[in-house]
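Written below as structure tokens is the structure these notes are about.
Given the structure is predicted, the values throughout are model-derived calculations rather than measurements. Residue numbers start from 1 in every chain, and the chains themselves are labelled A, B, ... in the order their sequence lines are given, proteins ahead of strands.
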Number of protein chains: 4
Amino acid sequence: MLLTTDARGVFPIAPTPFFEDGRIDTASVDRLTDFYLGIGATGITVLGQLGEAPKLEHAESVAVARRMIRRAAQLPVVVGVSAPGFAAMRALTHEVMTAGAAGVMIAPPHTLRSDDQIVGYYRQAVQAIGADVPFVLQDYPLTFSVQMSPGVIRRIVDELPSCVMLKHEDWPGLEKIGTLRGWEREGALRHIAILCGNGGLFLDYEMERGADGANTGYAFPDMLCDVVRLSQAGQREEAHDLFDAHLPLLRYEQQPGVGLAVRKYVLMRRGLLASASQRQPAAPLTAAARAEVDHLLQRLARRDPRALLLPV
Amino acid sequence: MLLTTDARGVFPIAPTPFFEDGRIDTASVDRLTDFYLGIGATGITVLGQLGEAPKLEHAESVAVARRMIRRAAQLPVVVGVSAPGFAAMRALTHEVMTAGAAGVMIAPPHTLRSDDQIVGYYRQAVQAIGADVPFVLQDYPLTFSVQMSPGVIRRIVDELPSCVMLKHEDWPGLEKIGTLRGWEREGALRHIAILCGNGGLFLDYEMERGADGANTGYAFPDMLCDVVRLSQAGQREEAHDLFDAHLPLLRYEQQPGVGLAVRKYVLMRRGLLASASQRQPAAPLTAAARAEVDHLLQRLARRDPRALLLPV
Amino acid sequence: MLLTTDARGVFPIAPTPFFEDGRIDTASVDRLTDFYLGIGATGITVLGQLGEAPKLEHAESVAVARRMIRRAAQLPVVVGVSAPGFAAMRALTHEVMTAGAAGVMIAPPHTLRSDDQIVGYYRQAVQAIGADVPFVLQDYPLTFSVQMSPGVIRRIVDELPSCVMLKHEDWPGLEKIGTLRGWEREGALRHIAILCGNGGLFLDYEMERGADGANTGYAFPDMLCDVVRLSQAGQREEAHDLFDAHLPLLRYEQQPGVGLAVRKYVLMRRGLLASASQRQPAAPLTAAARAEVDHLLQRLARRDPRALLLPV
Amino acid sequence: MLLTTDARGVFPIAPTPFFEDGRIDTASVDRLTDFYLGIGATGITVLGQLGEAPKLEHAESVAVARRMIRRAAQLPVVVGVSAPGFAAMRALTHEVMTAGAAGVMIAPPHTLRSDDQIVGYYRQAVQAIGADVPFVLQDYPLTFSVQMSPGVIRRIVDELPSCVMLKHEDWPGLEKIGTLRGWEREGALRHIAILCGNGGLFLDYEMERGADGANTGYAFPDMLCDVVRLSQAGQREEAHDLFDAHLPLLRYEQQPGVGLAVRKYVLMRRGLLASASQRQPAAPLTAAARAEVDHLLQRLARRDPRALLLPV
């Protein structure tokens with residue numbers, strides 16, 4: 001089951017669960033996978049930027065991806081394979097595709113600047129991993145410092161048929177979706193899936209601009225599934241109402257650096273992770289921050305009962 | 001009336017109003033000033049990053065600042081004097097202080113990296129403008145690419161007595177407020193005012209961490225005044241309720257680059273600006289974006305009647 | 001006399017001479033101008049990055065440019081007008097062109113990333129200064145963090161007829177000259193002048209790749225004139241011999257940050273500047289560095305008598 | 001044999017030799033090792049930035065390091081272990097130290113900005129690799145965008161006893177050596193070895209400022225050994241004469257990006273590498289560039305017979 005340009009819905013970005021001592025918590029990997037299956041996710045992305053991928057050894061990365069692929073049998077699993085060199089990218093891609101991954105996600109190295117450099121990089125990446133492996137183009141300037149204009153995305157899509165999806169996390173990014181979809185309508189660009197990241201911070205309007213769904217790690221992916229469903233069903237105000245109820249927490253989780261600690265803490269509070277631990281280096285959640293997140297959850301629970309959590 | 005470390009409340013960042021042909025719209029400058037006075041602002045900041053300061057000629061900058069200073073007689077006016085060289089910074093500072101400004105705001109040039117470079121830059125800036133001119137330290141890494149740790153802020157505050165206020169817009173930044181206030185309690189740092197920027201995106205919790213107020217340009221500064229007042233009065237949930245109602249629009253306005261177009265459009269819809277025009281270069285607001293802002297205003301109006309605007 | 005695409009030879013980048021107290025030393029401005037006339041320079045560039053342009057007030061910039069333009073009557077003078085906003089750029093351009101400048105030089109702001117952003121910026125700059133003002137495109141990634149591929153330069157040259165010259169200081173940059181000249185030969189790009197910067201660090205081979213000369217501030221511009229002349233006359237080994245003799249000092253002067261202090265010190269030792277002073281902020285030349293420069297001059301004097309300077 | 005603060009002389013940075021098809025050329029690894037032994041190198045660094053480390057799979061990295069360690073028995077071998085995460089850094093460190101490496105070299109990730117972030121990163125790195133593993137602090141702002149002031153280096157040296165050497169490649173960097181050695185003389189900093197990189201571009205004066213030698217990859221490491229020896233023997237002018245003869249080629253090789261292609265080409269011309277091939281992505285050497293390198297070698301051969309190479 002390979003990823004295609006028809007991908008839509010919600011592909012949650014799975015965090016990597018650790019025990020306090022740093023070992024990988026495979027029971028939580030399974031629990032998360034089952035949860036994603038249960039809420040109507042249409043795929044899963046593992047080993048992304050917020051999956052602490054660089055903190056795993058190669059064998060661990062393969063083991064986590066393989067476990068999730070096997071358990072999520074009916075869902076496509078995309079594996080992040082971004083690496084400082086093509087040797088590691090090729091090796092990881094080969095192993096996870098053999099294990100049944102649906103495709104891979106590739107972020108640009110922070111040194112790329114000009115359009116030619118960006119296109120050249122993805123050309124070489126495809127040579128490295130093989131033109132038969134579907135890949136997701138990750139466009140996340142805030143983190144990677146690489147700015148992809150709509151024109152450079154079109155060049156990549158035109159030249160590389162294995163590019164099947166855009167993980168859209170430019171900021172601002174609404175016009176970019178509009179431009180790409182406009183070109184598609186004019187026949188100037190083939191269709192690719194566009195799933196949005198950035199924690200979902202603009203998902204409400206991204207759907208209205210032509211996105212196919214979400215590909216991000218907010219700790220209530222069930223809300224993301226609902227918003228995408230409501231939006232696709234034309235229930236505009238209902239979609240916004242639900243989204244707005246989550247926005248205070250979502251904004252808090254979307255803080256660079258500390259966001260992952262918030263996310264893992266909420267997932268733990270929801271009973272999905274046994275521990276909120278990250279591997280080093282990690283920005284810890286202070287007592288003040290934890291109290292703020294608890295406060296945000298209490299307030300959210302007044303409008304979404306899924307946030308009604310037992311006290312810790 | 002010079003700015004002191006006792007500053008608190010809300011200092012709105014004033015946009016610079018232009019006509020469609022690029023001329024400065026002085027009637028709107030006056031209207032804005034009166035509005036700020038009426039809503040209970042405790043100061044005004046003019047010629048900031050989003051005041052399109054670099055698009056003004058020197059004489060225009062002085063004229064805008066002088067006009068606002070005169071009209072806002074009872075309020076302290078802080079003037080942004082950031083410049084690529086100290087000659088221009090000194091000249092502008094001298095003119096606006098002579099005209100009655102309360103102090104100046106200085107952002108760091110994007111080339112600064114190490115702690116020593118940052119401290120050295122502010123030392124030289126104070127030599128240039130004079131140690132008798134109160135200044136606001138602007139800490140805005142997202143835009144300026146300069147990261148100031150709490151320790152480097154302490155070095156600046158310790159060494160330069162004319163530093164009276166921190167315009168806090170680090171992201172994430174809640175812990176930074178906590179650290180600075182903690183040092184103050186321990187007697188390890190003298191008191192300075194901390195007013196928060198970033199459009200107000202975290203103002204709800206920043207107040208609870210020890211901030212003295214807001215110093216930002218969100219198009220509903222009256223809401224910022226209310227939230228600061230409610231927060232200082234201990235009406236926590238009311239503060240959050242009001243803040244949360246605005247968050248969907250506030251988040252939309254906080255988008256880098258296009259945010260100013262959103263802000264000016266809303267201020268025009270509110271009758272405060274005659275035109276939403278910016279000087280070139282400017283990111284225009286597309287029809288799709290305008291419709292989204294109108295939608296956000298409609299939704300907001302259900303909870304805050306100030307957003308109930310006449311159709312355009 | 002306007003700058004055209006036929007520009008060639010050496011356009012020294014003139015430093016701005018200051019007295020120790022920071023005042024502009026107009027006698028040294030005149031002495032420098034006469035010196036450039038005497039050594040066979042074919043033009044002069046003033047108020048460039050190393051002309052300490054951002055440290056001058058607007059009126060001072062105009063005065064320095066005007067003085068040099070008047071005195072260098074028979075030579076084209078290019079004025080650096082890079083500014084954080086188009087208002088200042090337009091104002092300075094208007095004044096210096098009225099005073100008789102041959103054209104202006106524009107560097108890109110450090111925030112530009114994608115090809116579209118770069119082209120868009122120069123389009124707007126030309127709108128600001130007027131399409132009748134010849135301009136020099138400054139391509140200096142090391143300092144400005146903006147990377148212009150040959151393709152983006154071609155887009156600018158194609159779209160903007162007033163682009164007459166490239167100040168080439170990419171590093172590495174030899175292939176870029178080759179690519180641009182190759183396109184020119186194939187009729188895929190109109191001719192523009194290419195004069196090289198970067199202190200002249202690769203001038204020897206840049207000439208062989210198709211550059212038209214140098215546009216840089218090395219403290220022996222007379223050497224640059226000789227190398228360009230020898231190279232254009234086909235005296236290859238003689239050009240390299242002279243260049244290589246200067247390379248140890250040239251490399252030393254080419255250090256970022258401290259380079260200007262070295263340059264001004266050598267120009268003072270040569271009797272061209274009354275003082276090596278810079279305006280603040282300035283990286284001072286330590287005693288150790290001064291001794292190293294003296295040592296380099298002594299060694300150079302064995303092969304180029306122009307470096308035989310009187311003791312200080 | 002562990003690396004200590006007494007390290008001095010020349011530790012060449014070894015390139016990783018590849019065949020045209022991308023396989024590692026172990027015969028050339030051996031030949032290089034023998035060559036380094038023969039010219040009087042006092043150590044070897046392998047898997048550095050220019051050793052194409054990120055293009056190797058983990059097992060390959062270990063194999064190359066192990067082979068060199070075994071063959072260079074009497075010389076300390078330092079292994080670059082920089083990695084995007086501590087898991088990979090720890091794993092590689094453990095394997096190479098077990099195999100007999102003398103220590104490891106760690107470069108900072110490009111995201112570090114403030115002094116606290118830099119110190120914090122090295123603290124965590126030492127926790128990851130173990131406090132018993134001697135490490136080399138790599139200070140290379142041009143490539144890594146991390147600026148370490150002398151003060152931050154002192155904090156690292158003070159806090160982390162396993163920091164035994166500074167690979168100094170700041171640019172400009174002469175004053176930094178002076179400052180660190182000054183602190184050492186005053187008893188304000190313990191002694192660490194300082195070996196200089198940057199291709200050796202300032203080695204002549206770095207030695208005079210207090211450096212202990214070179215740690216770089218210029219294709220004539222035998223020249224570096226001579227210059228260090230002459231300098232330490234007080235034969236100042238002889239050291240400069242030899243250095244200056246190499247400077248035209250050295251400067252050419254020091255170009256970012258294409259430099260490695262030049263280096264491998266010259267090493268191939270010298271008979272040390274069977275092929276100049278790099279793994280992808282690689283900037284190829286054009287015919288024009290190759291001709292320029294040949295020309296530089298010819299000119300160098302007039303003053304250093306080691307550059308007298310057979311025609312290709």
Side-chain angles (χ1 to χ4, degrees), chain A residues 16 18 22-24 47 49 51-62 64 80 82-95 107-113 116-129 142-146 256-257 278-284, chain D residues 16 18 22-24 47 49 51-62 64 80 82-95 107-113 116-129 142-146 256-257 278-284:
Chain A
T16 304
F18 297 108
R23 279 176 308 119
I24 292 174
L47 302 181
Q49 183 71 9
E52 300 177 71
K55 301 178 191 169
L56 301 189
E57 297 192 33
H58 176 78
E60 293 176 322
S61 298
V62 174
V64 166
S82 307
F86 289 136
M89 186 188 293
R90 180 195 294 112
L92 183 55
T93 298
H94 182 73
E95 293 199 63
H110 72 99
T111 47
L112 303 181
R113 286 289 170 269
D116 286 348
Q117 288 172 339
I118 297 169
V119 175
Y121 180 80
Y122 280 95
R123 186 183 302 134
Q124 289 181 310
V126 166
Q127 282 167 7
I129 64 171
L142 181 64
T143 291
F144 301 121
S145 305
V146 177
Q278 297 174 53
R279 279 200 179 161
Q280 290 299 319
Chain D
T16 304
F18 298 108
R23 279 178 306 121
I24 293 173
L47 301 180
Q49 182 70 8
E52 299 177 71
K55 302 178 190 170
L56 302 190
E57 297 192 33
H58 176 77
E60 293 176 322
S61 298
V62 175
V64 166
S82 306
F86 289 136
M89 187 188 292
R90 178 194 296 113
L92 183 55
T93 298
H94 182 73
E95 294 199 64
H110 71 99
T111 47
L112 303 180
R113 286 289 170 270
D116 286 347
Q117 288 172 338
I118 298 169
V119 176
Y121 180 79
Y122 280 95
R123 186 184 302 135
Q124 290 182 309
V126 166
Q127 281 167 6
I129 64 171
L142 181 65
T143 290
F144 301 121
S145 305
V146 177
Q278 298 174 54
R279 278 197 180 164
Q280 290 299 320

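- Legend: residues meeting salt bridge (Lys or Arg N to Asp or Glu O under 4.0 Å) with R279(A), ordered by chain and number and at least two apart, are E60(A).
- For H58(A), no part sits under 4.5 Å from any heavy atom of chain D, backbone or side chain.
- Annotation: the span from L112(D) atom CG to Y122(D) atom OH amounts to 8.0 Å, rounded to 0.5 Å.
- With a 4.5 Å cut-off on non-hydrogen atoms, A282(D) touches chain A through its backbone but not through its side chain.
- For E52(A), the salt bridge (Lys or Arg N to Asp or Glu O under 4.0 Å) partners two or more places apart in sequence, or in a different chain, are K55(A), K264(A).
- Of the atoms belonging to Q280(D), heavy atoms from both backbone and side chain fall under 4.5 Å from chain A.
- Residue with the most contacts toward chain A among A125(D), G120(D), G85(D): G85(D) (heavy-atom pairs, distance under 4.5 Å).
- When the options H94(A), Q124(A), M89(A) are evaluated for a side-chain contact (heavy atoms from CB on, under 4.5 Å) with I129(A), the one that passes is M89(A).
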